[in-house]
Number of protein chains: 2
Amino acid sequence: MKLSTKGRYGLRAVLDMALYENEGPITLNSIAERQGISEGYLEQLMVPLKRAGLVKSVRGAQGGYILAKEPKNITVGEVIRALEGPIAPVACVSEDYPEECERAEGCVTRMVWEKVRDSIAEVLDSFTLEDLVQESRKYTSQNSYMYYI
Amino acid sequence: MKLSTKGRYGLRAVLDMALYENEGPITLNSIAERQGISEGYLEQLMVPLKRAGLVKSVRGAQGGYILAKEPKNITVGEVIRALEGPIAPVACVSEDYPEECERAEGCVTRMVWEKVRDSIAEVLDSFTLEDLVQESRKYTSQNSYMYYI
DNA sequence: CTAATTCCTATTAAAATAATAGGATTTAAT
DNA sequence: ATTAAATCCTATTATTTTAATAGGAATTAG
């Protein structure tokens with residue numbers, strides 16, 4: 001029941017982008033440095049984030065990545081789903097295409113997993129990047145450039 | 001964010017035991033057949049379940065496994081924790097010994113993971129084996145020996 | 001033109017998961 | 001006592017997923 005680094009790193013990356021939003025395109029290199037994540041790995045995470053319409057890339061020198069929507073319109077749930085796939089504690093109750101199961105009819109554990117799925121989704125969908133940015137600024141003194149994530 | 005087969009098979013196994021509780025010790029062989037799970041793998045799952053005080057074994061011929069407590073006193077949460085470890089969407093918010101993290105102080109994603117952890121725990125702890133047994137009997141006609149899990 | 005950057009494909013390393021194998025030990029039943 | 005049915009125990013292997021690395025192609029600001 002653990003998130004992989006895809007989801008964790010990916011959320012930190014987009015949150016980093018939200019924090020430095022006014023500085024133009026953010027390079028993977030700078031995110032990687034601030035967050036202590038391998039740049040090559042971050043690169044792989046950007047593919048699904050772009051596909052999900054959460055970030056946009058700017059190629060060439062002075063390029064980088066920017067958020068495709070305002071932080072207040074990006075939920076943690078969207079980011080996690082983009083990177084980890086639909087929320088599904090077990091495959092047969094996946095949010096989008098639940099896997100068929102012979103035992104499905106009358107399966108009683110399924111209702112447990114459905115509730116787990118919904119409660120996870122509810123929490124993840126209740127936070128926007130903006131919420132986290134604001135929370136982060138609380139911890140950050142006026143002059144500090146250190147943001148915690 | 002998926003449960004492994006440990007948790008899924010293990011829950012089905014103890015639920016199977018709850019359903020056939022009045023028939024004395026249940027052999028792994030019979031659970032394996034009914035549930036379509038490899039007997040050898042089930043054997044491995046019994047170790048943590050015993051250690052957690054959820055099942056007891058009876059050795060020798062006519063032996064098998066029995067629940068160590070009444071079904072109404074065993075929650076799905078206990079079973080899952082026994083098999084998958086403490087609930088923890090990420091290691092730094094694990095239910096028992098959260099992993100240290102340099103970024104912990106002022107980390108804003110952590111509060112998301114804490115809420116996710118708590119909401120999962122709440123759902124899992126809200127179901128007892130008895131709840132599931134009763135649900136299962138709803139689907140089972142009086143004369144049928146087929147129980148759905 | 002050059003340097004900085006994303007883009008793309010492939011490969012590899014490491015870890016976790018799932019399953020299998022084979023024998024030792026215990027015990028009810030005969 | 002013997003036997004058969006069962007748990008117990010240790011080790012190994014196969015498979016899958018996760019995480020990371022490598023190297024070069026394409027794009028673009030200056």
Side-chain angles (χ1 to χ4, degrees), chain A residues 1-14 17 20 23-33 35-51 54-68 80 82-85 88-91 99, chain B residues 1-14 17 20 23-33 35-51 54-68 80 82-86 88-91 94 99:
Chain A
M1 286 292 276
K2 283 230 178 59
L3 238 68
S4 74
T5 56
K6 279 181 218 155
R8 291 192 286 122
Y9 290 1
L11 180 58
R12 277 164 58 195
V14 293
M17 289 167 65
Y20 293 93
E23 302 185 10
I26 316 288
T27 65
L28 290 187
N29 182 273
S30 69
I31 299 176
E33 255 180 33
Q35 300 296 330
I37 300 172
S38 118
E39 188 181 343
Y41 194 45
L42 269 179
E43 205 177 293
Q44 292 176 51
L45 303 184
M46 290 299 133
V47 178
L49 288 173
K50 277 179 65 174
R51 197 161 40 216
L54 300 176
V55 307
K56 281 193 275 196
S57 62
V58 180
R59 299 191 69 172
Q62 312 303 108
Y65 288 89
I66 54 176
L67 295 179
I80 297 302
L83 292 161
E84 306 260 348
V90 310
E99 213 168 77
Chain B
M1 287 293 275
K2 282 232 179 57
L3 239 66
S4 73
T5 56
K6 281 181 214 154
R8 289 191 287 122
Y9 289 1
L11 179 59
R12 275 165 58 193
V14 293
M17 289 167 66
Y20 293 94
E23 302 185 8
I26 316 288
T27 65
L28 290 187
N29 181 272
S30 69
I31 298 176
E33 255 180 34
Q35 300 296 330
I37 301 172
S38 117
E39 187 180 342
Y41 194 45
L42 269 179
E43 206 178 292
Q44 292 177 51
L45 303 184
M46 290 298 133
V47 177
L49 288 173
K50 277 179 67 174
R51 198 162 40 218
L54 300 176
V55 307
K56 281 194 276 198
S57 62
V58 180
R59 299 191 67 171
Q62 312 303 107
Y65 288 88
I66 55 177
L67 294 180
I80 297 301
L83 292 162
E84 306 260 349
V90 310
S94 177
E99 213 167 78

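Chain identifiers are assigned alphabetically (A, B, ...) following the order of the sequence lines, protein sequences preceding nucleic acid strands; residue numbering begins at 1 within each chain. Predicted model, so just to flag it, every value in this text is computed and none were measured.
Of the side-chain N and O atoms in B:Ser4, one or more sit less than 4.0 angstrom from OP1 or OP2 of C:dA18. Regarding contacts with the backbone of D:dT18, a side-chain N or O of A:Lys6 is found under 4.0 angstrom from either OP1 or OP2. Within the 4.0 Å cut-off from OP1 or OP2 of D:dA20, not a single side-chain nitrogen or oxygen of A:Tyr41 is found.
Across the protein-nucleic acid pair, B:Tyr9 atom OH and C:dA18 atom P stand 7 Å apart, rounded to whole Å. Atom CG of A:Leu45 is separated from atom C1' of D:dT18 by 12 Å (rounded to the nearest Å). Protein atom CD of A:Glu84 is 13 Å distant from nucleotide atom C1' of D:dA19, rounded to whole Å. Distance CG (A:Asn29) to P (C:dA4): 10 Å, rounded to an integer number of Å. Straight-line distance from the CD atom of A:Glu39 to the C1' atom of D:dG23: 14 Å, rounded to whole Å. Nucleotide D:dC8 holds its P atom 13 Å from the CG atom of B:Leu42, rounded to whole Å. Here D:dT17 presents its P atom at 17 Å from CG of A:Leu3, a figure rounded to the nearest Å. The interatomic distance linking A:Lys56 (NZ) with C:dT5 (C1') rounds to 18 Å, in whole Å.
Evaluation of the side chain to side chain contact (heavy atoms under 4.5 Å, CB included) rule for B:Ala68 yields B:Lys56 as partners, not counting sequence neighbours.
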- Message: B:Leu54 vs B:Val14, test: side-chain contact (heavy atoms from CB on, under 4.5 Å). Steps then yes/no.
- Response: CA-CA 9 Å; B:Leu54 300 176; B:Val14 293; 5.6 Å; no
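B:Leu49 is listed as a side-chain neighbour of B:Leu83, based on a closest heavy-atom distance under 4.5 Å. Side-chain contact between A:Pro25 and A:Gln62 is absent, with no heavy-atom pair separated by less than 4.5 Å.
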Quick one: which protein N/O atoms are closer than 3.5 Å to N/O atoms of nucleotides 7-10 of chain C? Pair and distance per line, please.
residue	atom	partner	partner atom	Å
C:dC7	OP1	A:Lys50	NZ	2.6
C:dC7	OP1	A:Ser57	OG	2.3
C:dC7	OP2	A:Tyr65	OH	2.5
C:dC7	N4	A:Glu43	OE1	3.3
C:dC7	N4	A:Glu43	OE2	3.2
C:dC8	N4	A:Glu43	OE2	2.5

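Applying the side chain to side chain donor-acceptor pair (under 3.5 Å) test to every pair with at least one member in residues 37-46 of chain A, sequence neighbours left out, gives these pairs: A:Thr5-A:Tyr41, A:Asn29-A:Glu39.
The closest donor-acceptor contact from the side chain of A:Arg8 to the backbone of B:Val90 lies at 3.5 Å or more, if one exists at all.
Nucleic acid contact for B:Gly40: base, since at least one base atom lies under 4.0 Å from a heavy atom of the residue.
Side-chain atoms of B:Glu99 and B:Ser94 form no donor-acceptor pair, as typed in the model, at a separation below 3.5 Å.
Heavy-atom distances to DNA chain D give each of A:Ser38 and B:Gln62 a nearest nucleotide, and the one nearer the 5′ end belongs to B:Gln62.
If you check D:dA29, C:dA18, D:dT18 against the side chain of B:Thr5, the one that comes closest is C:dA18.
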